[in-house]
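Everything numeric in this text was worked out from a predicted model, so none of it was measured.
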Amino acid sequence: MKYMLLLLSVILSGCSQDIGNYEYTELEDPGITGIEDLSVLMFSHMRIEPRFSEDFDKAKYSFEWKVLEISGTQEPVIIGNSAVLDYDVTLAPGTYQLFFTVTDSESQIYWQKEAVLTVSSSTSEGWMVLCSDDGRARLDFISDVTGKTIRDILASG
């Protein structure tokens, strides 16, 4: 009987009306577009300018661009902290997940867009060609990435 009374009091207290004070504020969705998969060459300049909704106030937000190697062997690398990414590519050749994060400075709520970033070297794909140059061996490289031929890649200077 004692347990029955305790169980009944727990059940009845669960039915009491919630009179909490809840304040809801509407969040402004930044409406981020313009973040797409892309391929770049190592040591080239990369610029990404995302588009936002018309009434988006950039002053109220912080921005972060970071990459994470898809194989997951390295820590994430932050490559920018502004709305527009201007970056001289120093990443090693490989495939990366690119993350663009927009954080509301007041509430710390964030939105994130992602894309695949492929970094290549002009010598990462192509053909090695061994040539005879007036009795001297010469090694050339025909790049599938740039379509250019690099003559005598082993020459000093």
Side-chain angles (χ1 to χ4, degrees), residues 18-157:
D18 183 7
I19 55 173
N21 182 12
Y22 301 102
E23 291 183 31
Y24 296 102
T25 57
E26 193 165 322
L27 297 174
E28 179 184 352
D29 183 358
I32 307 164
T33 59
I35 310 292
E36 298 173 358
D37 296 353
L38 80 143
S39 295
V40 295
L41 282 175
M42 195 171 146
F43 306 119
S44 65
H45 183 76
M46 179 172 65
R47 180 178 171 86
I48 303 175
E49 191 165 351
R51 293 179 299 279
F52 299 97
S53 58
E54 208 171 285
D55 54 345
F56 181 69
D57 182 7
K58 290 181 187 175
K60 296 179 182 178
Y61 296 86
S62 63
F63 306 94
E64 180 179 76
W65 295 88
K66 68 181 167 188
V67 294
L68 177 63
E69 193 173 15
I70 287 188
S71 67
T73 58
Q74 296 179 344
E75 294 293 316
V77 176
I78 296 172
I79 60 173
N81 286 81
S82 62
V84 176
L85 177 65
D86 273 312
Y87 176 64
D88 291 324
V89 180
T90 58
L91 299 167
T95 306
Y96 298 85
Q97 196 70 38
L98 172 68
F99 296 96
F100 176 56
T101 307
V102 177
T103 305
D104 182 310
S105 299
E106 187 176 310
S107 68
Q108 295 302 306
I109 294 175
Y110 68 91
W111 292 263
Q112 193 169 67
K113 290 288 183 179
E114 56 187 78
V116 174
L117 173 65
T118 304
V119 178
S120 300
S121 167
S122 61
T123 57
S124 62
E125 295 179 30
W127 295 88
M128 300 292 279
V129 181
L130 184 59
C131 307
S132 175
D133 188 8
D134 291 329
R136 179 182 162 271
R138 185 184 81 221
L139 189 61
D140 293 350
F141 183 79
I142 302 169
S143 175
D144 282 347
V145 176
T146 63
K148 296 180 181 178
T149 300
I150 302 169
R151 295 180 49 89
D152 206 1
I153 62 171
L154 298 177
S156 58

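- For E36, there are no side-chain hydrogen bond (donor to acceptor under 3.5 Å, both in side chains) partners, not counting sequence neighbours.
- For the pair L91 and Y96, the minimum side-chain heavy-atom distance is below 4.5 Å.
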For M128 and L139, run side-chain contact (heavy atoms from CB on, under 4.5 Å): C-alpha distance rounded to whole Å, both residues' side-chain angles, the deciding distance at 0.1 Å, then the answer. CA-CA 7 Å; M128 300 292 279; L139 189 61; 3.3 Å; yes
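- Here the CG-CD1 distance, from D104 to I109, works out to 6.5 Å after rounding to the nearest 0.5 Å.
- Atom NZ of residue K113 and atom CD1 of residue I32 lie 6.5 Å apart, to the nearest 0.5 angstrom.
- The shortest side-chain heavy-atom distance between W127 and D140 does not fall under the 4.5 Å cut-off.
- S120 is not listed as a side-chain neighbour of P93, based on a closest heavy-atom distance of 4.5 Å or more.
- Counted within 6.0 Å of CD on Q108, heavy atoms from surrounding residues, nucleotides or ligands total more than 12; the atom is thus considered enclosed.
- Taken to the nearest 0.5 Å, the OG1 atom of T146 stands 8.0 Å off from the CZ atom of F141.
- The side chain to side chain contact (heavy atoms under 4.5 Å, CB included) test with M46 singles out one residue from D86, I79, L41, and that residue is I79.
- When each of D37, L68, V67 is paired with L98, the side chain to side chain contact (heavy atoms under 4.5 Å, CB included) condition holds for V67 and for no other.
- Under 4.0 Å is where a charged nitrogen must lie from a carboxylate oxygen, and between R138 and D152 no such pair does.
- Panel note: side chain S82, backbone V84; a donor-acceptor pair is recorded below 3.5 Å.
- The aromatic rings of F63 and F56 sit perpendicular, their planes meeting at an angle over 60°, well past the 30° parallel limit.
- Judged by distance alone, with hydrogens and angles left aside, the side-chain atoms of D133 form no donor-acceptor pair with the main-chain N or O of R136 at under 3.5 Å.
- For the atom pair OG1 of T101 and CD of E114, the computed distance is 9.5 Å after rounding to the nearest 0.5 Å.
- Looking only at distances, no side-chain donor or acceptor of T118 sits under 3.5 Å from a matching main-chain atom of T95.
- Side-chain contact check for Y110 versus V102: every heavy-atom pair is 4.5 Å or farther apart.
- Once rounded to the nearest 0.5 Å, the distance linking CZ of F52 with CH2 of W111 reads 11.0 Å.
- Among residues two or more places apart in sequence or in another chain, the side-chain hydrogen bond (donor to acceptor under 3.5 Å, both in side chains) test is passed with D88 by H45.
- Annotation: side-chain hydrogen bond (donor to acceptor under 3.5 Å, both in side chains) contacts involving residues 57-66, sequence neighbours excluded, are absent.
- Across all non-hydrogen atoms, the minimal contact from A115 to I35 is CB-CG2, 4.0 Å.
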